[in-house]
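Here the structure is a predicted model, which means the values were calculated and not measured. Chain naming here is simple, since letters A, B, ... match the order of the sequence lines and numbering starts at 1 in each. Heavy-atom basis, side chains included; hydrogens, waters and symmetry copies ignored.
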There are 2 protein chains.
Amino acid sequence: MTHRIEPRSGVAIELSRGDELVVIDREGGQVSDLVAYAAEDLGEVISNGRTFDYEESVKLTTGSRLWSNRSRVMLSILEDTVGTHDFLLTPCSKDTFRHFYPDKPVHQGCFGNLAAALAPYGIGEDAIPTAFNVFMNVPVDKGGKLRVDPPISKAGDLIRFRAEMDLIVGLTACSAYASNGGTFKPIDYRVEKPGRSA
Amino acid sequence: MTHRIEPRSGVAIELSRGDELVVIDREGGQVSDLVAYAAEDLGEVISNGRTFDYEESVKLTTGSRLWSNRSRVMLSILEDTVGTHDFLLTPCSKDTFRHFYPDKPVHQGCFGNLAAALAPYGIGEDAIPTAFNVFMNVPVDKGGKLRVDPPISKAGDLIRFRAEMDLIVGLTACSAYASNGGTFKPIDYRVEKPGRSA
C-alpha cells in the first residue's frame, strides 16, 4: 500500500528491522527530509557525521549505510534511481524561511513538520538532527561553497532503504522553495516486509 | 594565561559572551575537536548542518560563524592562520578506533574525552554532536569521497573565536592517528577578555 505525504507536510513511520521503506518522487523534482531514531532508545539518532566517518564519503547511494550517533547502522540503501541526495543541510524551519525568503510567508517547514509528527513519541525539537535529504541536490564547489539546486529526480524515481534495527522514522514532503525548484509536490512512500506473505 | 591540553585529552571551558578563545597548535600538525553548548540551556548545541545552511559553505575560516541547532550564532571566527578545518566528521571514539585501527589499542578518543570533560555539566554522550574539528584536514574529491590527511598547521598557528553567547565549550587534543599525521601532541589555548584590563 502506497501512502501519500501531502505537499509541505510530514509523517512518522514505525519500521521493524528488515522492513523496506521505499520513498517515491511521484511527480519529480521534490525533496523529502528523513530522520531516524532507534525505537528501543530514542537517544540513538541518525548522524551525518558518523555516516561520513564510516562510509568515507559524503555521496550516499546504493550500497551506502546511514549510521547512528552510537556507531550502529540504522538504514541501508538497497536501491536508488537518482543517486543525488544531501546530508549536509538541516531541515527548513521558520528561522530558515525568515533568513532565506524574507519576502515570503513564514512556514514551519520540514523542521516544524517533523517536530509535529514526532511529538507523539516524545521526540522534541532539539532532538531533530541534520536530516538525510532524499533527492536534494546540493553541489559543493572546490572552494567549499554550496548551492541548493533543483532536484534531478524525475517522476517515479525512488530510493529503497532497509531498516537495520527497529526505527521511528520522520519523513516529509519538503516545504522550501529552493530545494524543490520553486514548487511543492507530494511524496509517496510504502513499507514492504520481505519474506512475509501479503 | 595560556593553558595546555595534554596529548589525547580534553577540557571544558566556560566562556562569557564577548570572550575570545584562542586555540593554538603549539607544535604543528595537531587537531583539536571543539563542541559548544549555550550555558543558559544546554539543549542548544553547535550544529554543522545549521552552520552549512547559513554560511552557505563547508569551508569555514575568518569571518565565518558557527551556528546552533536553534539558528543562533554561537561563535565567530575572528582570526585563522590556517584556513583548513573540518566540520563533517564526528569525534574519534572507542568505536572508530575499533573500526579504523583494529590492530591498535582502543582509546576513548576525543568522544570519550569530551564526554568526561562535559559530564560535570550534565552533558551526556548522546548530546555530543559532530564537532568543529580545528586544524583537521579532510579533502573531499569530486565524487564525494573523503580522506583524512595530516593537518597543514605549523607550530604556532592559531584560530581565534569570539563567543556570541555564554557558552560551555569542550575542547580536545585529538587522539586519532590519521587526523594528526600519526603523532599525538598537545594543544594550547587561552581565553581573552577584550576591553577588560588584566
Return yes when atom CZ of B:R26 has more than 12 non-hydrogen atoms of other residues, nucleotides or ligands closer than 6.0 Å, and no otherwise.
no
Does B:Q108 CD have over 12 foreign heavy atoms under 6.0 Å away?
yes
Under 4.5 Å to a heavy atom of chain A? For B:N69 that would be side chain
Determine the option with the most heavy-atom pairs under 4.5 angstrom with chain B, choosing from A:G124, A:A127, A:P91, A:A131.
A:P91
Is there a donor-acceptor pair under 3.5 Å between the side chain of B:Y121 and the backbone N or O of B:L42?
no
Residues of residues 153-181 of chain B under 4.5 Å from chain A (heavy atom pairs)?
none
Checking heavy atoms, do the side chain of B:T96, its backbone, both or neither come under 4.5 Å from chain A?
both
Given heavy-atom pairs under 4.5 angstrom as the criterion, report whether the side chain, backbone, both or neither of B:R147 touches chain A.
neither
Do other residues, nucleotides or ligands put more than 12 heavy atoms under 6.0 Å from the NZ atom of A:K145?
yes
The residue among A:L60, A:D33, A:N48 that forms side chain to side chain contact (heavy atoms under 4.5 Å, CB included) with A:F132 is A:L60
Without swapping roles, check the side chain of A:D25 against the backbone of A:G29 for a donor-acceptor pair under 3.5 Å.
yes
Counting heavy-atom pairs under 4.5 Å with chain A, the top scorer among B:G143, B:G49, B:S93 is B:G49
Which heavy-atom pair separates A:S64 from A:E55 by the least distance, and what is that distance?
CA-OE1, 3.5 Å
Comparing B:D95, B:L88, B:D53, B:V148 against chain A, the one with the most heavy-atom pairs below 4.5 Å turns out to be B:D53
Whether the side chain of A:T51 engages the backbone of A:W67 through a donor-acceptor N/O pair (distance < 3.5 Å, no angle test) should be reported.
yes
Any sub-3.5 Å donor-acceptor pair from B:Q30's side-chain atoms to B:K185's backbone N or O?
yes
Residue, of B:K59, B:H99, B:E56, that accumulates the most heavy atom pairs under 4.5 Å with chain A
B:E56
So, the part of A:T130 with a heavy atom under 4.5 Å from chain B: the answer is side chain
So, the part of A:F87 with a heavy atom under 4.5 Å from chain B: the answer is neither
Kindly say whether A:F135 contributes a backbone atom to a donor-acceptor pair with the side chain of A:H85 at under 3.5 angstrom?
yes
